[in-house]
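To start, the structure itself, in structure tokens.
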Amino acid sequence: MRIIITGTPGVGKTTLGKALAEKMKHLYINEREFATEKGIGKWDSEENELVVPLEELKQELSLVLGREKDVVLEGHMLCEIGLKVDVVLLVRLHPELLEERLEAKGWAEVKVQDNVFCEGIDYCKKQLLKNYEGIKIIEVSSAGNKEATLEAALNALGGLK
Ligand code: DAT
């Protein structure tokens, strides 16, 4: 299955993506590592993040999707680009829980508040509805622990068969 995992930074995408890919014996690709490997991102030291040209990322990932049929692609930028996949998992976390989790992890306050805001206004969901028309979008809560989140994702995917 070609699966995308996306959502606001900090909600638990990477944790779920790695566990899901391992369980389903799928190839796992993190957007940021992928962009870095392909040399298509530039580090913005002021924002302290990798800035990636989305069209180029889309082209490179489309090549991968053309040759791999069992793959988990994971990252927050994926909601911005339409890709041909079987299903999208949108990881959700209540903004207050996200705030608690990120503060406990020592994230900078400005980053915490940016992400809390994005989650609160359903930013990723709105982007997905625009960019992934006709593709099944399933919301998975990461409010439980990592095992519960994985189980929820597996159950949701099992229901597609
Ligand atoms: P993302 O890839 O969305 O940025 P992550 O997987 O790196 O998020 O997780 C951010 C932090 O939250 C990390 O320290 C692990 C923790 N975490 C992830 N999923 C969790 C879950 N279901 N329950 C509790 N903590 C979780």
Side-chain angles (χ1 to χ4, degrees), residues 1-38 40-52 54 57-58 60-61 64-65 71-81 83 85 87-129 131-132 135 137-159:
M1 207 182 282
R2 294 179 178 91
I3 302 167
I4 276 182
I5 299 183
T6 191
T8 306
V11 289
K13 299 179 299 297
T14 304
T15 305
L16 174 63
K18 285 181 177 169
L20 190 67
E22 193 183 330
K23 189 87 185 168
M24 295 181 75
K25 299 192 169 38
H26 278 31
L27 176 68
Y28 165 76
I29 296 177
N30 169 272
E31 70 182 6
R32 199 184 143 108
E33 289 168 4
F34 180 82
T36 307
E37 265 171 35
K38 297 279 171 194
I40 54 175
K42 262 206 191 118
W43 187 255
D44 180 334
S45 46
E46 245 171 63
E47 289 293 321
N48 203 25
E49 65 185 21
L50 189 69
V51 179
V52 176
L54 293 178
L57 180 65
K58 179 174 172 163
E60 290 288 347
L61 285 174
V64 174
L65 289 167
V71 58
V72 174
L73 296 182
E74 173 265 312
H76 74 273
M77 288 179 278
L78 300 177
C79 68
E80 313 270 3
I81 51 177
L83 289 166
V85 291
V87 61
V88 176
L89 298 181
L90 173 63
V91 183
R92 300 305 306 260
L93 186 59
H94 189 284
E96 280 177 18
L97 279 177
L98 179 61
E99 185 174 32
E100 273 174 28
R101 216 178 262 177
L102 296 184
E103 281 178 347
K105 296 282 168 198
W107 283 39
E109 190 55 24
V110 64
K111 285 274 172 202
V112 173
Q113 293 312 323
D114 270 2
N115 292 332
V116 165
F117 177 77
C118 285
E119 189 63 13
I121 63 164
D122 282 347
Y123 178 81
C124 280
K125 186 169 181 178
K126 287 179 184 138
Q127 293 301 308
L128 285 176
L129 293 173
N131 295 317
Y132 288 83
I135 293 176
I137 298 167
I138 300 173
E139 295 187 43
V140 176
S141 167
S142 69
N145 60 21
K146 295 167 193 178
E147 292 73 24
T149 308
L150 173 62
E151 201 179 322
L154 286 167
N155 285 341
L157 294 173

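Every value quoted in this text rests on a predicted model; they were computed, and no experiment measured them. Both counts, for ligands and for their atoms, begin at 1 and track the order of listing. Both backbone and side-chain heavy atoms feed into the values below; hydrogens, waters and symmetry mates do not.
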Around atom CD of Glu22, are there more than 12 heavy atoms of other residues, nucleotides or ligands at under 6.0 Å?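 Not buried by this count: 12 neighbours or fewer within 6.0 Å.
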Is it the case that atom CD in Glu96 sees more than 12 heavy atoms from other parts of the structure closer than 6.0 Å? no
Who's the nearest protein heavy-atom neighbour of [atom], and how far?
atom	value
atom 10 (C) of ligand 1	Gly10 O, 3.7 Å
atom 11 (C) of ligand 1	Lys105 CE, 4.2 Å
atom 2 (O) of ligand 1	Thr14 OG1, 2.7 Å
atom 15 (C) of ligand 1	Thr15 OG1, 3.9 Å

Presence of salt bridge, Glu74 and Lys18, under 4.0 angstrom: no
For ligand 1, does Arg101 get within less than 4.0 Å through its side chain, its backbone, both, or neither, judged by non-hydrogen atoms?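 Within the 4.0 Å criterion, Arg101 contacts ligand 1 through side-chain atoms alone.
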Within reach of ligand 1, part of Asn145 (heavy-atom separation under 4.0 Å): backbone
With a 4.0 Å cut-off on heavy atoms, does Ala143 reach ligand 1?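 No, Ala143 has no heavy atoms under 4.0 Å from ligand 1.
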Heavy-atom gap Gly7 to ligand 1 smaller than 4.0 Å: no
Which atoms of ligand 1 are found less than 4.0 Å from any heavy atom of Gly144?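 The list of qualifying atoms is 21 (C), 22 (N), 23 (N).
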